[in-house]
Number of protein chains: 2
Amino acid sequence: MAAWVRFVAVLELLPGVFDGQLRRDSGVTHFEYFVMAVLSETPGRTLRMAELAGATNATLSRLSHVVQRLEDRGLVERLPCPGDGRAINARLTESGWAKMEAAAPGHVATVRRHVIDVLTPEQIEQLAAISDAILASVDLPGPMAAGYRRYDEPGDAKES
Amino acid sequence: MAAWVRFVAVLELLPGVFDGQLRRDSGVTHFEYFVMAVLSETPGRTLRMAELAGATNATLSRLSHVVQRLEDRGLVERLPCPGDGRAINARLTESGWAKMEAAAPGHVATVRRHVIDVLTPEQIEQLAAISDAILASVDLPGPMAAGYRRYDEPGDAKES
DNA sequence: CCGCGAAAGTTGAAGCGACAACTTGATTCA
DNA sequence: TGAATCAAGTTGTCGCTTCAACTTTCGCGG
């Protein structure tokens, strides 16, 4: 119970820390940063919207809005996907790549300062295991779904 | 690094899970629930806005809006604080108490299902320690030391 | 006792996310 | 083949959060 209260505080405060730092220093949301980060790590810096949504744990609606804003700022571009007329490829532009290179150091430093550096190596491994366990119960379609899939959950009835 | 990606996914997904469950089942946001929960655990079910903000890790502005909405729905009430003309006491109403009693079981069940029950007792302790470490680095620039004060408060801290 | 700065809240505008409705392109199957 | 169905995205609206003023009150020094 005490653990829960503190964990809730973390859930409440950490996103604001990252969001604030990125917005002040680079004019980007944490989620925008994450979207561009995923694109930048992809061969061709291009991904279909649906896959990008899966990789960033977002709904298509949310991603659509975000990509719209990023496109207005010239950080990504939308290309029709050859072979499937309804799919759209999102691609990180050169400008977007430059934005990432400018924003990454500050963000990484913030992550280190508030998470990595305050934990021991054992705690980091523990955090990974804990996150895995939680994700398994929450994350029905997940990030890195390949090789990560569980066949079924016991008694997990997610009501509508 | 792999730990970080998974932890980010947790930070991204868990709030939505709790928020969705509470909104569907009880018509309350997770933060509204948390605000009322803190009030319900306070002697007199009453707290000054600033202290409530500290206990819920929120800004005064955010809390003001939320309490406004809760007051419109009759779940809390605002009382001028005797002794300090600028302070406001937020108090959980009977209706708000009833709402909490109705909402709590479902929320607790959700928390258990997605967090408590998927972790071992050791992991829960680890999570508490990890949360503590992260909070310590996040609270430094902020007035949020109250997260710990919530449970060792002897009676009413109205005058200092 | 007066003025000044800080504390406690409030307010309004702007931005982001959730949700539902909608459009359009692919699939399936009778 | 053609109609029903599903998948991929988009759009619009609404509610919540943030940010920057703003108001009022308290405390303090002159």
Side-chain angles (χ1 to χ4, degrees), chain A residues 11-24 27-35 47-73 76-91 141 160, chain B residues 11-24 27-35 47-73 76-90 142-143 146 157-160:
Chain A
L11 287 179
E12 187 75 41
L13 292 175
L14 257 193
V17 170
F18 299 137
D19 218 71
Q21 182 269 321
L22 278 170
R23 185 168 315 197
R24 279 191 306 274
V28 201
T29 302
H30 180 243
F31 183 68
E32 289 172 341
Y33 176 92
F34 194 50
V35 166
L47 227 45
R48 286 178 49 164
M49 293 291 286
E51 299 186 13
L52 190 52
T56 55
N57 305 300
T59 63
L60 262 171
S61 172
R62 181 184 184 187
L63 185 64
S64 181
H65 280 126
V66 168
V67 168
Q68 176 68 57
R69 294 192 288 264
L70 290 176
E71 189 175 31
D72 292 345
R73 288 188 268 162
V76 306
E77 53 188 349
R78 282 156 149 156
L79 308 169
C81 180
D84 193 333
R86 46 195 179 157
I88 296 284
N89 275 330
R91 182 176 168 280
S160 63
Chain B
L11 288 179
E12 188 75 39
L13 292 174
L14 257 194
V17 170
F18 299 138
D19 218 69
Q21 181 270 322
L22 278 169
R23 184 167 317 193
R24 280 191 306 272
V28 201
T29 68
H30 180 242
F31 183 68
E32 288 171 343
Y33 175 92
F34 194 50
V35 166
L47 226 46
R48 285 178 49 164
M49 293 290 284
E51 299 188 12
L52 189 53
T56 56
N57 306 300
T59 63
L60 261 171
S61 172
R62 182 185 184 185
L63 184 65
S64 180
H65 280 126
V66 167
V67 168
Q68 176 67 57
R69 294 191 291 262
L70 290 176
E71 188 176 31
D72 292 345
R73 287 188 270 163
V76 306
E77 54 187 349
R78 281 156 150 156
L79 307 170
C81 180
D84 192 334
R86 47 201 176 153
I88 296 285
N89 275 330
K158 129 182 323 187
E159 281 240 327
S160 64

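- The CG atom of B/Asn57 sits 13 Å away from the P atom of D/dT17 (whole-angstrom rounding).
- One can place NE2 of B/His30 at 12 Å from P of D/dT17, the figure rounded to the nearest angstrom.
- For the pair B/His65 NE2 and D/dC19 C1', the computed distance is 11 Å after rounding to whole Å.
- When each of A/Arg23 and B/Thr29 is assigned the nucleotide of DNA chain D with its nearest heavy atom, B/Thr29 is the one assigned upstream, toward the 5' end.
- Remark: C1' of D/dC16 and CZ of B/Phe34 are 18 Å apart, rounded to the nearest angstrom.
- Using a 4.0 Å heavy-atom distance criterion, B/Asp84 is classed as a sugar-phosphate-only contact.
- Atom CZ of B/Arg48 and atom C1' of D/dC26 are 11 Å apart (whole Å).
- The shortest heavy-atom contact between B/Leu63 and B/Ala53 is CD2-N, 3.5 Å.
- Among the protein residues, B/Arg69 comes within range of the nucleic acid bases, having at least one heavy atom under 4.0 Å from a base atom.
- Residues forming a salt bridge (charged side-chain N to carboxylate O under 4.0 Å, His left out) with A/Glu51 (at least two apart in sequence, or on another chain): none.
- In this structure, the side chain of A/Asp19 engages the main chain of A/His30 through a donor-acceptor pair within 3.5 Å.
- Between the OG1 atom in A/Thr29 and the CZ atom in A/Arg23 there is a gap of 4.5 Å [rounded to 0.5 Å].
- Along DNA chain C, the nucleotide nearest A/Arg86 and the nucleotide nearest A/Val66 are compared for position; the residue whose nucleotide lies closer to the 5' end is A/Val66.
- With rounding to whole Å, A/Leu60 atom CG is found 13 Å from D/dT11 atom C1'.
- Here the closest non-hydrogen pair linking A/Pro80 and A/Ile88 is CA-CD1, 4.4 Å.
- In plain terms, the two heavy atoms of A/Arg78 and A/Ser64 that are nearest each other are NH2-O, 3.5 Å.
- With the nearest nucleotide of DNA chain C identified for both A/Gly83 and A/Arg62, A/Arg62 has the one nearer the 5' end.
- Nucleotides of DNA chain C with any atom under 4.0 Å from a heavy atom of chain B span, from 5' to 3', C/dA7 to C/dG12.
- Dashed line: the shortest gap from a side-chain N or O of A/Arg78 to OP1 or OP2 of D/dT10 is under 4.0 Å.
- Along DNA chain D, the nucleotide closest to A/Gln68 and the one closest to A/Arg24 are compared, and the more 5′ of them pairs with A/Gln68.
- Between A/Arg91 atom CZ and A/Leu52 atom CG the span is 14.0 Å, to the nearest 0.5 Å.
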